[in-house]
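Contents: one structure, followed by commentary.
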2 protein chains.
Amino acid sequence: MTDHPQIAVSTVIFALRETDDQALPALWMPLVRRIRAPFEGLWALPGGPLGIDESLSEAARHNLKATTGLAPRYLEQLYAFGDPARSGDQRLVSIVYWALVGNDEASRSEADDNVRWFPADALPALAFDHQLIVDYALWRLRNKVEYAQIAHRLLGETFTLAQLRSVYEAILQRPLDPANFRRQMAAAKSLAATGEMQSGARHRPPRLYRYVEVPGTTPNPWA
Amino acid sequence: MTDHPQIAVSTVIFALRETDDQALPALWMPLVRRIRAPFEGLWALPGGPLGIDESLSEAARHNLKATTGLAPRYLEQLYAFGDPARSGDQRLVSIVYWALVGNDEASRSEADDNVRWFPADALPALAFDHQLIVDYALWRLRNKVEYAQIAHRLLGETFTLAQLRSVYEAILQRPLDPANFRRQMAAAKSLAATGEMQSGARHRPPRLYRYVEVPGTTPNPWA
DNA sequence: GCAAAAGTGTTGCGACTACACCCATGA
DNA sequence: TCATGGGTGTAGTCGCAACACTTTTGC
């Protein structure tokens with residue numbers, strides 16, 4: 001045990017996956033298997049040490065790429081965890097980020113013996129205090145999706161309103177009224193119709209939308 | 001320069017002070033003068049290293065007591081700042097907390113040559129990136145006061161509705177309708193009348209209230 | 001035509017704002 | 001009695017939830 005605390009940067013990653021039996025997607029996340037003590041063999045959040053020339057968010061991105069191959073479409077600092085008892089016999093302070101990755105990116109993600117995807121609400125036993133961290137990240141995601149425009153970052157570049165609504169429903173775990181959802185999105189003025197339709201289904205073809213930044217809408221100018 | 005990042009815990013402290021010319025209180029904060037490089041002589045947020053057996057919040061409390069003698073009535077983690085360029089030639093990651101201290105506590109605070117109070121909106125030049133941190137803390141305080149019951153922590157144990165309203169007005173920097181403010185507080189059900197009045201002023205004596213915890217109202221179960 | 005999802009209209013409720021108004025005290 | 005802030009009443013507005021209804025496609 002060293003006499004000064006070590007710093008690590010870890011990330012809770014969310015992506016949407018179609019469930020086989022249902023048409024509704026659900027939240028999944030990639031975990032990595034620990035290959036050394038403490039908690040050897042258990043699943044854990046991807047992370048690693050803080051490089052001497054990296055900012056905290058750069059370290060999060062860099063570790064994400066190295067361990068899971070993913071590049072997030074949204075990244076935000078979650079919390080710093082530093083309880084003395086959280087990391088066995090060495091003192092470890094973890095700066096934890098949370099991230100959203102798009103549809104395409106998540107499905108491209110290679111399967112690996114030491115990296116596996118799990119449903120966010122049914123994880124295996126996790127190393128350290130990582131289950132607590134995941135619970136907090138889920139709480140933050142559910143809060144933030146209600147007032148910030150982040151849900152589209154779990155989809156691709158263009159999407160239908162029904163797809164976007166299914167993202168909200170997967171995160172909030174309750175059905176939303178399609179009519180009211182449409183009006184809420186219209187009021188936010190952050191969606192632009194591409195002019196294209198998505199055909200093929202056996203019903204009226206829906207419009208495709210793209211996310212557009214609304215000028216005065218930066219919820220947190222810092223961070 | 002060492003090859004691993006150092007960890008420090010700092011705190012942005014808010015208290016209310018009466019302004020001499022006006023009856024309206026305003027937000028003030030204590031700063032400490034740096035007595036060594038880098039930024040020697042400049043004012044900075046109180047803080048210090050993370051003790052090997054302390055949790056992060058314990059370190060914040062402990063450093064606060066040691067540098068300013070204050071014990072906060074509210075303490076919450078703000079953000080972790082770790083940009084490589086923020087701390088001169090050594091790498092320093094600061095876990096920053098923000099705190100509210102009560103009326104009584106703030107006025108008891110001893111004057112010191114190396115500790116001084118400043119109005120939160122007119123600070124001197126600060127060391128490191130501390131002005132950025134203060135701006136973020138102010139933004140968080142103004143947001144949080146609108147949906148969380150924290151304003152009373154800037155007062156004492158009991159207070160009148162007018163005093164509580166003046167806290168909101170000082171933080172939000174705009175006048176609030178007394179009638180509507182009263183109803184909002186009543187709707188939140190987090191105030192209990194003590195039965196006592198505050199007399200002495202040349203108008204109808206106001207009731208004194210005490211803050212009471214509302215069962216299902218924990219905004220952030222973690223953190 | 002029929003099923004299914006896209007998209008529109010309408011109504012009622014609850015929260016908030018603005019402001020008129022009464023109450024109780026000290027001087 | 002009057003000035004001052006404590007405290008109550010009330011009407012208008014806005015946003016949202018609920019749900020009926022019309023439109024457009026594939027089969």
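The chains referred to below are lettered A, B, ... by the order of the sequence lines, with proteins before strands, and numbering in each begins at 1. Basis for what follows: all heavy atoms, side chains included, without hydrogens, waters or symmetry-related copies.
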Report task. Could you tell me whether the side chains of A:N180 and A:Q184 share a donor-acceptor contact shorter than 3.5 Å? Result -> no
Query - Polar contact flag, side-chain donor to acceptor under 3.5 angstrom, B:R17-B:S107 - result: no
Query raised in the report: Roughly how many Å is it from CZ in B:R204 to C1' in D:dC2, rounded to a whole number?
Result: 17 Å
Report task. Find the distance B:R182:CZ to C:dC22:C1' and express it as a whole number of Å. Result -> 13 Å
Query raised in the report: Can you tell me if B:T160 and B:Q198 form a side-chain donor-acceptor pair at under 3.5 Å?
Result: no
Query raised in the report: Does A:A201 or B:H203 map to a spot on DNA chain D nearer the 5' end, using the closest nucleotide for each?
Result: B:H203
Query raised in the report: Should the ring pair B:H152 and B:Y211 be called parallel, tilted or perpendicular, given that the plane angle runs from 0 to 90° and is split at 30 and 60?
Result: parallel
Quick test: give all pairs of protein nitrogen or oxygen and nucleotides 13-18 of chain C nitrogen or oxygen below 3.5 Å, distance rounded to 0.1 Å.
| unit_1 | atom_1 | unit_2 | atom_2 | d |
| --- | --- | --- | --- | --- |
| C:dT17 | OP2 | B:Q184 | NE2 | 3.3 |
| C:dA18 | N7 | B:N180 | ND2 | 3.0 |
| C:dA18 | N6 | B:N180 | OD1 | 3.2 |
| C:dA18 | N6 | B:R183 | NH2 | 3.3 |

Query raised in the report: Once you round it to whole Å, what is the distance between P of D:dG5 and CD of B:E169?
Result: 12 Å
Requested in this report: Whole angstrom is fine here: how far is it from CG in A:L164 over to P in C:dA6?
Outcome: 12 Å
Requested in this report: Would you mind reading off the distance between A:R207 atom CZ and C:dA5 atom C1', rounded to a whole angstrom?
Outcome: 14 Å
**Report entry** B:R165 side-chain N/O to D:dG6 phosphate OP1/OP2 under 4.0 Å
**Finding:** yes
**Report entry** Nucleotide C:dA5, atom P - distance to CE of A:M197 in whole Å
**Finding:** 18 Å
Report task. Taking the six-membered ring for Trp and the full ring for Phe, Tyr or His, determine whether the centres of A:W98 and A:Y136 are under 6.0 Å apart. Result -> no
Query raised in the report: Counting only side-chain N and O atoms of A:R202, is one of them less than 4.0 Å from OP1 or OP2 of D:dC27?
Result: no
Requested in this report: Using atom CD of A:E146 as one end and atom P of D:dC16 as the other, report the distance to the nearest whole Å.
Outcome: 12 Å
Query raised in the report: Step by step, would you call A:F159 with A:Y209 a ring pair (Phe, Tyr, Trp, His ring centres under 6.0 Å)?
Result: CA-CA 5 Å; A:F159 45 85; A:Y209 293 88; 7.3 Å; no
Query raised in the report: Can you tell me how far C1' of C:dC19 sits from CG of B:L176, to the nearest Å?
Result: 16 Å
Report task. Give the C-alpha distance, both sets of side-chain angles, the deciding distance and a yes or no for ring pair (Phe, Tyr, Trp, His ring centres under 6.0 Å) between A:F118 and A:W43. Result -> CA-CA 10 Å; A:F118 297 90; A:W43 295 94; 5.2 Å; yes
